[in-house]
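Small disclaimer: the values here were computed from a predicted structure and weren't measured. When reading the values below, keep in mind they use all heavy atoms of this one structure, side chains included, and skip hydrogens, waters and symmetry mates. Chain letters run A, B, ... following the sequence lines, proteins first, then strands; residues in each count from 1.
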Amino acid sequence: MSRLAIKLPGLSMKNPIMPASGCFGFGREFARYYDLSRLGAIAIKATTEESRFGNPTPRVAETPGGMLNAIGLQNPGLKKVLSEELPFLADYDVPILANIAGTKTEDYVKVAEDVSKAPNVTALELNISCPNVKEGGISFGTDPEIAAALTRAVKDVSEVPVYVKLSPNVSDITKIAVAVEEAGADGLSMINTLLGMRIDLKSEKPVIANRTGGLSGPAIKPVAIRMIYEVSQRVSIPIIGMGGITSADDVLEYFLAGASAVAVGTANFVNPFICPEIVDELEQKLIDKKVDHISELIGRSWKSCYSPSLSH
Amino acid sequence: MIKEWTTILHQEQIADKIYELTFEGELVERMTAPGQFLHIRVGEQYMPLLRRPISICDVDLEQKQCTILYRSEGEGTRLLSKKRVGDSLDILGPLGNGFPLDALQEGETALLIGGGIGVPPLYYLSRKLVERNIRVKHVLGFASKKDAFYIDRFNQLGETTVTTIDGTLGYQGFVTDYVLKENPEYDVLYTCGPTPMMKAIEEQLNPARAYYSFEERMGCGIGACFACVCPVKEDPTGTEYRKVCSDGPVFPQGVIQL
Ligand SMILES: Cc1cc2nc3c(=O)[nH]c(=O)nc-3n(C[C@H](O)[C@H](O)[C@H](O)COP(=O)(O)OP(=O)(O)OC[C@H]3O[C@@H](n4cnc5c(N)ncnc54)[C@H](O)[C@@H]3O)c2cc1C
Ligand SMILES: Cc1cc2nc3c(=O)[nH]c(=O)nc-3n(C[C@H](O)[C@H](O)[C@H](O)COP(=O)(O)O)c2cc1C
Ligand code: FES
C-alpha cells in the first residue's frame, strides 16, 4: 500500500490531501489545470437549499500572511448542485466531501438528506461554523448543545458518514468537539476561519462590505495546530485538519498535532497547482524521514509526551 | 492559463508612480486577446499573500515578450517596482476574456476611452484593431500632466485626445465632458477605467454598442472563490451574477450594474 493512502469514514483516499470547502468551487476551474483524480478527496463549496448570491463586494481583503473573506456562502442551490455540479465531478476517481450549510435545522436536514444520496458523495461536512452568514448559522457552531442536536438531526437522515466542521471562534473548542462526537459525528473538520476585520485608513470604514470576514491562510496555522492538538486528545473520531497549509511540511505538522487528513484552502488561490504539488512533495518527505506510512505520525506530538494535566 | 516563472527584461518609471515592465516567457504565446489580465505574485513567501491582477498592455508574440504598466500604490505594487532586470516573476495567465475584436467591420471606427491606470489594456486593443484596418480614436483621461503616459504611442495608432482634470495637459475636464462637447463619431466604444468614469460613460454618452472592462478585488483570479462577483443589471431575482475574473473582465453594455 502507498505511504500516503488513508482510509477514514466514507473517505477512501489515495493521499490525505483535499482542497478545502469554498476554495475550490465545484472543481470545474481546477479540472482545466490538472487531473482531479490526483486528489485524496474534494470538499465542495457549501451547498444550501436555495441558491444564494452572497454578500456585496468587496468580499476579500488581504492581511499579513492571510486574507479575510465574506463571500456569504454563494452557491447555485441544492437542485443545481445535484443536477450539474456533482455529475461533473463523477467523471473523476475521487471521493466527495459535500459541505452543507443552512440557517435552520430543517435546511441542513433537507440538504443532507438529498446530497447524501448523490452517488459520488461519500461523506458530508456539516458547516456549522461559517462566520459570514448573518441570520443565525453561527450559533450552531458556538453552543455545544445546539451543535449536538444538529449533528443528531443530520445523522438521522444522512446515508453517508458526517464530519462536523468546527468554528475556532469559541473559548473552548474541545467542548463542542466532544458534544458532536457524542451526538454521532463520524469525524471533525477543523478549523473554519477566524472572525476578523480590517479598516481602510482613507474611508475610515471596514474594508469588507460585510464589515467582518473570516481570516484564513498561513496566519491562522498556529491556532489550528493548537486546537487540533487539544481536540485530538479528547475525541476518538478522526480530524481533517486545515488552516494555512502551503507545503508538505505543514501537512506533517498537522499530522503530528493529531490530524488524520488535511485540507488546503487559501493556498489554491496563490498557486492553483498547490494540491498535487504537495502530494508529490509529501511522498518524498516521508521517504526521506523513513516513515513507512503517514498514519504513523498522527498525534505523535502528544503521544510521546502525554501530559495528564491536559485531560483534566 | 499557465503558471510560469518569467524573466524581467525591462523596468522603468514612465510617469508619477507609473511603471512599465517587460518580461519574457512561454505564456506570452497565449496572449492573443487584448483585455485579458495576468495574476502576478509579487511576494516571495506569503507576504503579501495574494496575487495582483494586472492587464496586458502590449505583446510581442514572436519575441515572447509582454509589457505591463502599473501604478505603485500599495505594498504589492511597491514590491513589484523594486524588481530588477533579470529577476524572475511568477505569473499566472493570461486570464479572463478580452475585448471582442470582431465587433467591428473593416473601415468602421472604434472609440477607446481610458481613465488613469485603466489606459494600459487599450493599447494592445488599439494595436489589434489597427491590424484589422479599423479606425481608432482615443480619449485618455488623467488627473494631471504628471500622471499621463503612452500618449505618443497612442498617437501613432490614431487620433488621440488627452484630458486632465486640472487642465495641465490637453483638454480640461473629464473624458465624458470632452466626448459630449466634441461628439466624435464612432461605431463601437471600448472603455477601461475607474467605475465612476465608466458609469458616466454609460449614463451620459449612452453608447449603442460598448464594452467595459471591470475591476474587482480578487482572490483566485480563475473563477473558483467568488470574491469578484458583480450583480447582473436589472435582475429581479437578485441572484444573477458574473465573475469579473473568469466571465469578464470585459462585459458588453448593459450586462453589469455599474
Ligand atoms: C482585471 C484587472 C486589471 C487591472 N489592471 C491593472 C493595470 O494594468 N495596471 C495597474 O496598475 N493596476 C491594474 N489593476 C489594479 C491592480 O490590481 C491594483 O492596483 C493592485 O492589485 C493593487 O495592489 P497593491 O498591493 O499595490 O495595493 P493594496 O491596496 O496594498 O492591495 C491590497 C489588496 O487589494 C487588492 N486591490 C487593491 N486595489 C485594487 C484594484 N484597483 N483592483 C483590484 N484589486 C485591488 C490587491 O490586489 C490586494 O489583494 C487591475 C485590476 C483588475 C481587477
Ligand atoms: C474564500 C473562502 C471561502 C470559503 N468558503 C467556505 C465554505 O463555503 N464552507 C466552509 O466550510 N468553509 C469555507 N471556507 C473555509 C475553508 O474551507 C478553510 O476552513 C479555511 O479557509 C482555513 O483553511 P486555509 O487557511 O487553508 O484557507 C472558505 C474559505 C475561504 C478563504
Ligand atoms: S477572483 Fe476568485 S472567482 Fe474571481
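Sparse packing is recorded around NZ of B:K145, with 12 or fewer heavy atoms of other residues, nucleotides or ligands lying under 6.0 Å away. The number of heavy-atom neighbours closer than 6.0 Å to CZ of B:F174, taken from other residues, nucleotides and ligands shown, is 12 or below. Taking a 6.0 Å sphere around NZ of B:K83, one finds it holds more than 12 heavy atoms contributed by other residues, nucleotides or ligands. Counted within 6.0 Å of NZ on B:K233, heavy atoms from surrounding residues, nucleotides or ligands total more than 12; the atom is thus considered enclosed.
For A:P58, the parts lying near chain B are the backbone and the side chain together; criterion is any non-hydrogen pair under 4.5 Å. In this structure, chain B has no heavy atom under 4.5 Å from any part of A:P76. No part of B:Q45 comes within reach of chain A, as not one of its non-hydrogen atoms sits under 4.5 angstrom from that chain. With a 4.5 angstrom heavy-atom cutoff, B:L92 touches chain A only via side-chain atoms. Heavy atoms closer than 4.5 Å to chain A are found in the side chain of B:R51, but not in its backbone. Contact annotation for A:F30: only side-chain heavy atoms (C-beta onward) come within less than 4.5 Å of a heavy atom of chain B.
A distance of 4.0 Å separates CZ of B:R52 from CD of A:E62, quoted to the nearest 0.5 Å. To the nearest 0.5 Å, atoms CZ (B:F226) and CG (A:N69) are separated by 12.5 Å. Within the model, atoms CG of B:L50 and OG1 of A:T63 stand 8.5 Å from one another, a figure rounded to the nearest 0.5 Å. Summarising the geometry, atom CD1 belonging to B:I222 is positioned 4.5 Å from atom OH belonging to A:Y33; distances are rounded to the nearest 0.5 Å. In this structure, B:C228 SG and A:I71 CD1 are separated by 9.0 Å, a value rounded to the nearest 0.5 Å. Atoms CZ and OG1, from B:R217 and A:T57 in turn, are 9.5 Å apart once rounded to the nearest 0.5 Å.
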- Run the side-chain contact (heavy atoms from CB on, under 4.5 Å) check on A:F53 and B:V229 step by step: do they pass? CA-CA 9 Å; A:F53 175 75; B:V229 298; 4.1 Å; yes

- Message: Set out, in order, the CA-CA distance, both residues' side-chain angles and the distance that settles side-chain contact (heavy atoms from CB on, under 4.5 Å) for A:Q74 and B:Y241, then state yes or no.
- Response: CA-CA 10 Å; A:Q74 180 158 24; B:Y241 65 90; 3.1 Å; yes

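Annotation: side chain of A:N268 is not in contact with side chain of B:C220 (no heavy-atom distance under 4.5 Å).
Residues of residues 246-254 of chain A lying within less than 4.5 angstrom of chain B, judged on heavy atoms, are A:T246 in numerical order.
Legend: residues meeting ring-ring contact (aromatic ring centres under 6.0 Å, His included) with A:F255, ordered by chain and number and at least two apart, are absent.
Contact count versus chain B (heavy atoms, under 4.5 Å) is highest, among A:M67, A:K45, A:E29, for A:E29. No other option in A:G27, A:C23, A:G66 has as many heavy-atom pairs under 4.5 Å with chain B as A:G66.
Closest of all the heavy-atom pairs between B:M47 and A:G65 is SD-N, 3.1 Å.
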